[in-house]
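Down below is the structure, laid out as structure tokens.
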Number of protein chains: 2
Amino acid sequence: MGRPQMSGEDNLLRLVEAEEPDENSYHLQDQVGFILRKAHQRHVSIFASHIADLTPPQFAALAKLYDIGETSQNQLGTLIAMDAATVKGVIDRLKARGLVEVSKHEVDKRRLLVNLTPAGREAIERLIPLARAITDETLAPLTAKEAATFLRLLAKLA
Amino acid sequence: MGRPQMSGEDNLLRLVEAEEPDENSYHLQDQVGFILRKAHQRHVSIFASHIADLTPPQFAALAKLYDIGETSQNQLGTLIAMDAATVKGVIDRLKARGLVEVSKHEVDKRRLLVNLTPAGREAIERLIPLARAITDETLAPLTAKEAATFLRLLAKLA
DNA sequence: TCAAATTCATTCGTATGCAAATGATATCAG
DNA sequence: CTGATATCATTTGCATACGAATGAATTTGA
């Protein structure tokens with residue numbers, strides 16, 4: 001980027017110094033949080049254009065159940081990064097549509113087991129190819145190499 | 001990372017090939033949408049730990065008004081990436097707390113003008129330094145060079 | 001000019017997302 | 001063994017987020 005080359009330590013120092021230059025100006029457009037929110041919005045929009053009858057969280061729940069099989073509602077929430085209140089709503093809606101079924105855990109009576117129905121299994125098998133297209137379209141503004149770099153760094157942030 | 005070393009071209013080739021190998025397996029954890037959602041969640045959590053009395057969208061509205069001054073509710077929504085229904089809720093809540101005030105546009109009677117109150121101006125001036133800390137903490141898992149790369153690629157996606 | 005199209009704002013319905021409180025059950029520690 | 005803790009699920013309340021429908025006001029175009 002046309003800057004004099006510097007070591008890792010120098011980069012760290014530069015970052016600290018860079019906070020000072022113009023303390024007055026604050027540009028929302030440059031803040032990682034704001035851009036992250038916009039990138040997420042764009043992805044959700046792309047998702048909806050390919051898969052109209054399911055939201056990304058609903059898809060995540062089905063995909064994870066397809067991957068690991070029956071599990072408790074709470075455990076599922078942990079695996080797909082949803083708190084207990086959120087995952088309950090997602091499972092309730094999938095249940096209402098016949099894509100998952102719930103049952104009580106035989107031993108631990110606190111637990112609610114969740115599993116795919118045959119219809120849920122059929123649905124996720126049908127949708128996974130579309131999900132690959134969604135990923136491709138989301139990453140389309142980047143070259144293959146950039147996409148790989150981006151995913152690596154994004155994973156470090158998540 | 002324990003992979004055999006390869007050139008940039010080889011990495012590119014490997015990425016393309018990697019799409020085919022096992023068409024059966026689908027790992028939610030590797031999908032850009034899922035990681036994007038998690039990274040966004042983490043940022044919101046960091047934001048809340050620094051600024052408890054305002055949400056990121058509310059902050060965005062105040063910061064943008066601070067930057068550009070009075071504008072219409074619709075235009076503000078465009079600038080901070082919120083649709084009309086969402087921005088209305090955000091402005092309503094900021095108005096209820098006395099941080100913004102609204103008025104009718106003299107000429108175009110459809111428009112609702114929004115502006116900071118003195119309290120709103122004081123608030124955003126107080127919060128902007130905290131926002132810088134939030135950005136730093138969000139990017140903390142990355143080196144300075146990685147953060148710059150990440151922001152560049154993220155901006156291309158958003 | 002005047003009907004059609006567009007823009008701005010609002011409202012409604014649905015779906016995350018999370019904090020906090022609650023109740024039921026299970027586990028742990030003394 | 002039992003009281004203190006911890007875990008699982010639910011509920012409530014609040015705040016985005018967006019599609020769709022609506023109404024008011026403005027702009028466009030034939």
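Just so it is clear: chains get the letters A, B, ... in the order the sequence lines come, proteins before strands, and each one is counted from 1. Being a predicted model, the structure only gives us computed values, none of them experimental.
For the side-chain contact (heavy atoms from CB on, under 4.5 Å) test, residues two or more places apart in sequence or in another chain that qualify with A:Gln73 are A:Val87, A:Lys88, A:Ile91, A:Leu112, A:Val114. Judged as a ring-ring contact (aromatic ring centres under 6.0 Å, His included), and not counting sequence neighbours, B:Phe34 has no contacts. Residues satisfying the side-chain contact (heavy atoms from CB on, under 4.5 Å) criterion with B:Asp30, sequence neighbours excluded, are B:His27.
Separation of atoms CD (B:Glu101) and CG (B:Leu99) is listed at 11.0 Å; rounding is to 0.5 Å. Summarising the geometry, atom CZ belonging to A:Arg37 is positioned 13.0 Å from atom CG belonging to B:Leu36; distances are rounded to the nearest 0.5 Å.
In this structure, A:Ile91 atom CD1 and D:dC8 atom P are separated by 16 Å, rounded to whole Å. Distance A:Leu36 CG to D:dA17 P: 12 Å, rounded to the nearest Å.
Aromatic pair B:Phe59/B:Phe47: centroids less than 6.0 angstrom apart.
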Is there a side chain to side chain contact (heavy atoms under 4.5 Å, CB included) between B:Thr78 and B:Asn74 once you walk through the steps?
-> CA-CA 6 Å; B:Thr78 299; B:Asn74 221 40; 5.5 Å; no

Quick one: do A:Val100 and A:Leu65 satisfy side chain to side chain contact (heavy atoms under 4.5 Å, CB included)? Show the steps, please.
-> CA-CA 9 Å; A:Val100 305; A:Leu65 287 173; 3.8 Å; yes

Stepwise side chain to side chain contact (heavy atoms under 4.5 Å, CB included) check, B:Val44 with B:His40 | CA-CA 6 Å; B:Val44 172; B:His40 181 245; 3.9 Å; yes

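Annotation: proximity of residues 79-86 of chain B to DNA chain D (heavy atom, distance under 4.0 Å) is found for B:Asp83, B:Ala85, B:Thr86, numbered in ascending order. Contacts between residues 102-115 of chain B and DNA chain D, defined by a heavy-atom separation below 4.0 Å, involve B:Val107, B:Asp108, B:Lys109, B:Arg110, listed by number. Of the residues in residues 38-49 of chain B, not one places a heavy atom less than 4.0 Å from an atom of DNA chain D.
Between B:Glu70 and B:Ser103, the shortest heavy-atom distance links the atoms OE2-OG, 3.7 Å.
A side-chain donor from one of A:Lys64 and B:Gln29 sits under 3.5 Å from a side-chain acceptor of the other.
The stretch residues 117-155 of chain A participates, sequence neighbours left out, in these ring-ring contact (aromatic ring centres under 6.0 Å, His included) pairs: A:Phe150-B:Phe150. Residue pairs meeting the ring-ring contact (aromatic ring centres under 6.0 Å, His included) criterion with at least one member in residues 67-89 of chain A, sequence neighbours excluded, do not occur. The stretch residues 77-122 of chain A participates, sequence neighbours left out, in no ring-ring contact (aromatic ring centres under 6.0 Å, His included) pair at all.
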Counting only pairs under 3.5 Å, give me each side-chain donor-acceptor contact of residues 48-55 of chain B, with atom names and distances, residues two or more places apart or in other chains.
unit_1, atom_1, unit_2, atom_2, d
B:Ser49, OG, B:Ile46, O, 2.7
B:His50, NE2, B:Glu137, OE1, 2.5
B:Thr55, OG1, B:Gln58, N, 3.2

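The nucleotide range of DNA chain C contacted by chain B, defined by atoms under 4.0 angstrom from heavy atoms of the protein and reported 5' to 3', is C:dT7 to C:dC18.
Side-chain N/O atoms of A:Gln75 include none lying less than 4.0 angstrom from OP1 or OP2 on D:dT7. At the phosphate of D:dT16, OP1 or OP2 sits under 4.0 Å from a side-chain N or O atom of B:Thr55.
If one axis is set at each end of the helix from C:dT1-D:dA30 to C:dG30-D:dC1 from five pairs, those axes are 20° apart, to 10°.
Residue B:Asp92 is the one, among B:Asp92 and A:Arg97, whose nearest nucleotide of DNA chain C lies closer to the 5' end (criterion: closest heavy atom).
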